[in-house]
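This report refers to the structure that appears directly beneath it.
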Amino acid sequence: MFTDMLAVVRRIPKGRVSTYGEVATASGHPGAARQVVWALRAATNVPWHRVLGAGGRIRLTGDSGFEQRLRLQSEGVIITGDKIDLKRFRHVFRHT
DNA sequence: AAGATGACGCCCG
DNA sequence: CCGGGCGCCATCT
């Protein structure tokens with residue numbers, strides 16, 4: 001399960017983002033958004049900063065949230081307040 | 001075994 | 001936009 005989710009997260013290209021819910025669904029585990037968090041927490045070498053809450057909101061709190069902002073901005077993602085414009089940066093998973 | 005937690009999501013007022 | 005409530009589910013106490 002976690003491995004499936006991590007595989008999905010790893011597919012998010014630089015400069016693009018996704019959401020916990022999207023990752024859960026795309027990995028074959030719809031509704032398991034909370035488990036995506038667990039997967040990211042336990043994993044390493046994954047672009048965790050590219051995963052946001054529904055609506056493109058940064059759900060991370062405190063210092064980590066600040067870091068996520070910096071990382072996203074450094075990839076060219078525009079952040080307004082605490083939200084990201086999904087219309088513009090959301091990554092769409094596909095099966096080729 | 002039972003209750004609490006959380007980087008969640010969705011609906012309603 | 002903001003707050004409140006409920007469903008969800010692996011993990012931790």
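Small disclaimer: the values here were computed from a predicted structure and weren't measured. The analysis underlying the following values was restricted to heavy atoms, covering all of them including side chains, and did not include hydrogens, waters or symmetry mates. Residue numbers start from 1 in every chain, and the chains themselves are labelled A, B, ... in the order their sequence lines are given, proteins ahead of strands.
Taking atom CZ of A:Arg59 as the reference point, atom C1' of B:dG9 lies 8 Å away to the nearest angstrom. Taking atom CZ of A:Arg71 as the reference point, atom P of B:dA7 lies 18 Å away to the nearest angstrom. Going from atom OH of A:Tyr20 over to atom P of B:dG9 covers 8 Å, rounded to whole Å. Taking atom CG on A:Leu86 and atom P on B:dG9, their separation rounds to 11 Å, with Å as the unit. C:dC9 atom P lies 18 Å from atom CZ of A:Arg41, rounded to whole Å. Computed from coordinates, the A:Met5 CE to C:dC8 C1' distance equals 12 Å when rounded to whole Å. Distance, A:Trp38 CH2 to B:dC8 P: 13 Å, rounded to whole Å. Distance, A:Arg57 CZ to B:dC8 P: 8 Å, rounded to whole Å.
The 12-atom threshold is exceeded at CG of A:Leu70, counting heavy atoms of other residues, nucleotides or ligands nearer than 6.0 Å.
Taking for each of A:Gly31 and A:Lys83 the nucleotide of DNA chain C with the nearest heavy atom, the 5'-most of the two is the partner of A:Lys83.
You'll find that the side chain of A:Val37 is closest to B:dA7, out of B:dG6, B:dC10, B:dA7. Which of B:dC10, B:dC8, B:dA7 sits closest to the side chain of A:Ala33 comes down to B:dC8. Closest approach to the A:Arg34 side chain among C:dA10, B:dG6, B:dA7 is made by B:dG6 (side chain taken as heavy atoms from C-beta onward). Minimum atom distance to the side chain of A:Phe2 is reached by C:dT11, of the listed B:dG6, C:dT11, B:dC8.
In terms of modelled atom types and a separation under 3.5 Å, the side chain of A:Glu67 and the main chain of A:His49 share no donor-acceptor contact. Judged purely by atom type and a 3.5 angstrom limit, A:Ser64 has no side-chain atom pairing as donor or acceptor with the backbone of A:Leu60.
Within the nucleic acid shown, A:Ala32 has no heavy atom closer than 4.0 Å to any nucleic acid atom.
With values rounded to the nearest 0.5 angstrom, A:Tyr20 atom OH is found 13.0 Å from A:Gln35 atom CD.
The side-chain heavy atoms of A:Arg90 and A:Glu22, taken from C-beta on, include a pair separated by under 4.5 Å.
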